[in-house]
2 protein chains.
Amino acid sequence: MAYTSEFPFVYLTADVVAFSIQDDALCTLVVKRRDAPHRGRWAFPGGFVGETEDVEKAARRELREETGVDARGLRLEQVGVYTAPRRDPRHRTVSVAFLAVLPADVALRAGDDAADAQWSPVDELLEPRRLAFDHGTILSDAVDRLRRDLERSGRATEFLGDEFTVAQLRRVYEVVWNRPLDPGNFQRKVTGVPGLLEDSGYQTAGGRGRPATLYKAGPATEIWPPLSRERDR
Amino acid sequence: MAYTSEFPFVYLTADVVAFSIQDDALCTLVVKRRDAPHRGRWAFPGGFVGETEDVEKAARRELREETGVDARGLRLEQVGVYTAPRRDPRHRTVSVAFLAVLPADVALRAGDDAADAQWSPVDELLEPRRLAFDHGTILSDAVDRLRRDLERSGRATEFLGDEFTVAQLRRVYEVVWNRPLDPGNFQRKVTGVPGLLEDSGYQTAGGRGRPATLYKAGPATEIWPPLSRERDR
DNA sequence: GCAAAAGTGTTAGTAATACACCCATGC
DNA sequence: GCATGGGTGTATTACTAACACTTTTGC
């Protein structure tokens, strides 16, 4: 027994909701729980924060340990904190949830703490009781945040590799927002934001149709005016 | 010594950033700290969350205990969680920050835990070292959130009483955004959002100029298209 | 009447939308 | 040639922004 306290305390954990697009579906990285509670169910990679460890750093560490994804240089964004008194039946545990975006081709490797790690479609995970603890709520909040982010930020490029076409970027938006976008208007919009996309000088080759310009993500982080996803609901 | 743990733990606190407009300035409710650390400096009302207590409930309780503000029915919104290992020098403490909006005329009463409670202008509190702990960062985040909220939500009415004029509502926006708005365009915009404002049937009397219609907040919670504050920076 | 504040009209510019159309490639 | 997807042109509609103008009060 190593720690004592005069006051009630809580455990602090960090969880990572890592998105990517697999087979044209928005997916998140989940690991199968090996131990009780919720043994055998899926959960987001995450775990206890070290005594003097930064929460964001703990999130990166857990992501690497449980899934093999190297999170150095990955942008983590705080989604929220989950604090319900009985959300973990063992002891009160407060979880800080982070959102991350990964390209489709990252390599996975299940770690020691997890029986398995895999990409699962968000649609399936949002069905009742698919996820352990309150991770369904966390996922729902994270998806909302991601959808909003894409309106004003250039984050969508993080779903893609270093070089990509406008059509690939549009596909990201269509999958995340679950609605079709007009190819022509999208093209004009994103190429018109100063600093958002940089022409790599290369083009696609070998596909059907006219070759497309390959772009790199530019220095701009904000899209103004924002892309609209709601106007015509 | 009441509590023991095998693992490192943290204390959980809830803090409330309560905004109101006093003398045409955006203010937040702060209390003077009676004890170390940061004795004598200003901090947001807040404190430890009870063992089985909901965090949001703790926030309401602390607001009432430390400032005398009755927080029943008040809308609290999570701003974020603050977790830096040394943010409290005594022991690692994780704070969940909430944002609230109050009308200008709420009654204050300093509570047991605080030597004093008062409204202070945000501009002053944002100066270096005015606030205890990392409350300067919390305030900065809360102000950003508030400014964004006003773009799309009808929250601005919470700064006012039950009945108010369009000019008073516009003044709220001008103070929070710190920029002038065109009276005519603002009028058209807010009265044009279905369900945002409801005509109370009354008018102002006794002031200079033409009497204004008194409105009540309507059921609409979303302003679409949003009010724009950035287009012409 | 005059000042002041509420509220409306008008116009120009900007952006979103829909969709026609041309371009460049594989086959 | 034809199909396919990349990319541009263009008309319509919607909204913003600027500001002139009318309305209704106190003095």
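- At the phosphate of D:dG6, OP1 or OP2 sits under 4.0 Å from a side-chain N or O atom of A:Arg170.
- When rounded to the nearest whole Å, the span between CG of B:Asp182 and P of D:dC19 equals 9 Å.
- A:Phe133 has its side chain within reach of A:Arg33: a pair of non-hydrogen atoms, C-beta onward, lies under 4.5 Å apart.
- Looking at the side chain of A:Arg210, the nearest of the listed nucleotides D:dG5, D:dC19, C:dA6 is D:dG5.
- Atom CG of A:Asn185 is separated from atom P of D:dT10 by 15 Å (rounded to the nearest Å).
- Using a cut-off of 4.0 Å between Lys/Arg side-chain N and Asp/Glu carboxylate O, B:Glu174 and B:Arg171 are scored as salt-bridged.
- Counting to the nearest Å, the P atom of D:dT25 and the CD atom of B:Gln203 are 7 Å from each other.
- In this structure, B:Ala97 and B:Tyr82 approach most closely via the heavy-atom pair CB-CE1, 3.8 Å.
- Distance CZ (B:Arg179) to P (D:dT16): 12 Å, rounded to an integer number of Å.
- Within the nucleic acid shown, A:Ala167 comes within 4.0 Å of sugar-phosphate atoms alone, with no base atom in reach, counting heavy atoms only.
- When the C1' atom of C:dA24 is taken as reference, atom CD of A:Gln187 falls 14 Å away, rounded to whole Å.
- Residue A:Thr213 is in sugar-phosphate contact alone, with no base atom involved, counting any heavy-atom pair closer than 4.0 Å across all strands shown.
- Residues B:Pro211 and A:Gly209 both approach DNA chain C. Their nearest nucleotides, taken by heavy-atom distance, put B:Pro211 toward the 5′ side.
- Both B:Arg188 and B:Gln168 lie near DNA chain C, and the one whose nearest nucleotide falls closer to the 5' end is B:Gln168.
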Practice item. Begin with the C-alpha distance, continue with both residues' side-chain angles, and end with the deciding distance and a verdict on side-chain contact (heavy atoms from CB on, under 4.5 Å) for B:Val172 and B:Ile21. Key: CA-CA 8 Å; B:Val172 169; B:Ile21 292 173; 3.9 Å; yes
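- Checking the phosphate oxygens (OP1, OP2) of C:dA15, no side-chain nitrogen or oxygen of A:Lys189 falls inside 4.0 Å.
- In terms of phosphate contacts, B:Arg208 brings a side-chain nitrogen or oxygen within less than 4.0 Å of OP1 or OP2 of C:dA5.
- For B:Leu181 and C:dG7, the CG to P distance is 16 Å, given to the nearest whole Å.
- What separates CZ of B:Phe186 from C1' of D:dC19 is a distance of 18 Å, to the nearest Å.
- Whole-Å rounding puts the A:Arg229 CZ to C:dA16 P distance at 16 Å.
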